[in-house]
Protein chains: 2
Amino acid sequence: MRATYATKPREQVSAVLRREKRYLSAAEIHAILRKSRTNVSLSTVYRTLDLLAGKGQASARVDERGETTFVVCDQSHHHHAVCNGCGKVEDVSCEAIESVAHALRSHHGFKLADHEMEFFGTCGACR
Amino acid sequence: MRATYATKPREQVSAVLRREKRYLSAAEIHAILRKSRTNVSLSTVYRTLDLLAGKGQASARVDERGETTFVVCDQSHHHHAVCNGCGKVEDVSCEAIESVAHALRSHHGFKLADHEMEFFGTCGACR
DNA sequence: CCTAATTTGCGAATGATTTGCAAAATCATT
DNA sequence: AATGATTTTGCAAATCATTCGCAAATTAGG
């Protein structure tokens, strides 16, 4: 069995994600850490992000420039509301999906198994 | 002003997308064309896909391996139902989003501007 | 068929991500 | 707090999808 060590570099990478609460690429996280004189190699940033995503503690998305970006999020099923202003991401539950599942079944003969949603707009703080 | 020529390679790339109706990467399209002894360079496949996506005639998604894949779709706002069995993609309209927008506003103070949804399940033919 | 404009194909360049490996850090036990 | 087994780190090199430069080929229109 493979153990997982709690190391300083890993904690520093997650700390950035927890503090920022917005989608960040490995390079951005690396840059943020350097600014605060915290040296974590880019490789380790990548490895830590994969680890967090694997544990479901972070979720990934590819931005328009083709870079993979990550946010912290809880492990239950949910969706993200991304603010166009500050970039902050809020977790959103999905009750509304039941009616969509029914419509897919009756109009398309499609049996829904899973779904992904993402919302973009303006958060309370930015309004 | 920039004119757009209707060329044989472009037509061949779109023909593959129209025939397959599922998410395909540039490399996959290139391979499919080669099998039918149709030689279109990989660069041209990429360029044509960008063109179609730009015109809204195809939509892109990044798969788990990190490759960008494309499907044909209509230009109006809609979502995709992807079959886990055959991979075929169906366009789905979104009426259900109104209630979601309202919930986001009242529960999160979030003003919805745009959204993305993707559905996964089993299509009529595969059941 | 001519000419100008656009596109193609090739190979080289790019840029994000991964990987190999030796050195450093972590953990559970003395 | 020292030991030893295991995991992680950092670096540089390798990978791999995608982009780019440019000469040759194709297209649109008169």
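Remember, predicted model here, so these are calculated numbers, not experimental data. Lettering follows sequence order; numbering is per chain, from 1.
DNA chain C forms stems at C:1-30 with D:1-30, each a run of 3 or more consecutive Watson-Crick or G-U wobble pairs whose two key distances fall under 3.5 Å.
In 5' to 3' order, the nucleotides of DNA chain C bounding all contacts with chain B (an atom under 4.0 Å from a heavy atom) are C:dA5 to C:dG11.
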Is there a side-chain contact (heavy atoms from CB on, under 4.5 Å) between B:Leu17 and B:Val72 once you walk through the steps?
CA-CA 6 Å; B:Leu17 283 178; B:Val72 276; 3.7 Å; yes
B:Arg10 vs B:Leu51, side-chain contact (heavy atoms from CB on, under 4.5 Å): CA-CA, chis, key distance, verdict:
CA-CA 9 Å; B:Arg10 281 177 184 170; B:Leu51 205 67; 3.6 Å; yes
Run the numbers on B:Leu104 and A:Glu90 for side-chain contact (heavy atoms from CB on, under 4.5 Å), then give the verdict.
CA-CA 10 Å; B:Leu104 278 173; A:Glu90 288 177 69; over 6 Å; no
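Toward the 5' end of DNA chain D, the nearer of the two residues A:Ala3 and B:Ala27, judged by each one's closest nucleotide, is A:Ala3. For A:Ala26 and B:Val40, each mapped to the nucleotide of DNA chain C holding its nearest heavy atom, the one lying further toward the 5' end belongs to B:Val40.
A:Arg34 places no side-chain N or O within 3.5 Å of a backbone atom of A:Val40 that could act as its donor or acceptor partner. With hydrogens and angles ignored, the 3.5 Å screen pairs a side-chain donor or acceptor of B:Glu28 with a backbone N or O of B:Ser25. Listed for the A:His78 side chain is a donor-acceptor partner under 3.5 Å among the backbone atoms of A:Ser76.
By the 30° and 60° cut-offs, the orientation of the rings of A:His115 relative to A:His79 is tilted.
Among the heavy atoms of the strands lying under 4.0 Å from A:Thr68 are primed sugar atoms or P, OP1, OP2 only; no base atom is included.
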Pairwise N/O distances under 3.5 Å, protein to nucleotides 19-30 of chain D:
residue: D:dC20; atom: N4; partner: B:Ser43; partner atom: OG; Å: 3.3

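Side chains of B:Leu112 and A:Thr122 form no contact here, defined as non-hydrogen atoms less than 4.5 Å apart.
Both the sub-6.0 Å distance and the 45° axial angle are satisfied by A:Arg61 relative to the ring of A:Tyr23.
Between A:His102 and A:His107, the ring centre distance reaches or exceeds 6.0 Å.
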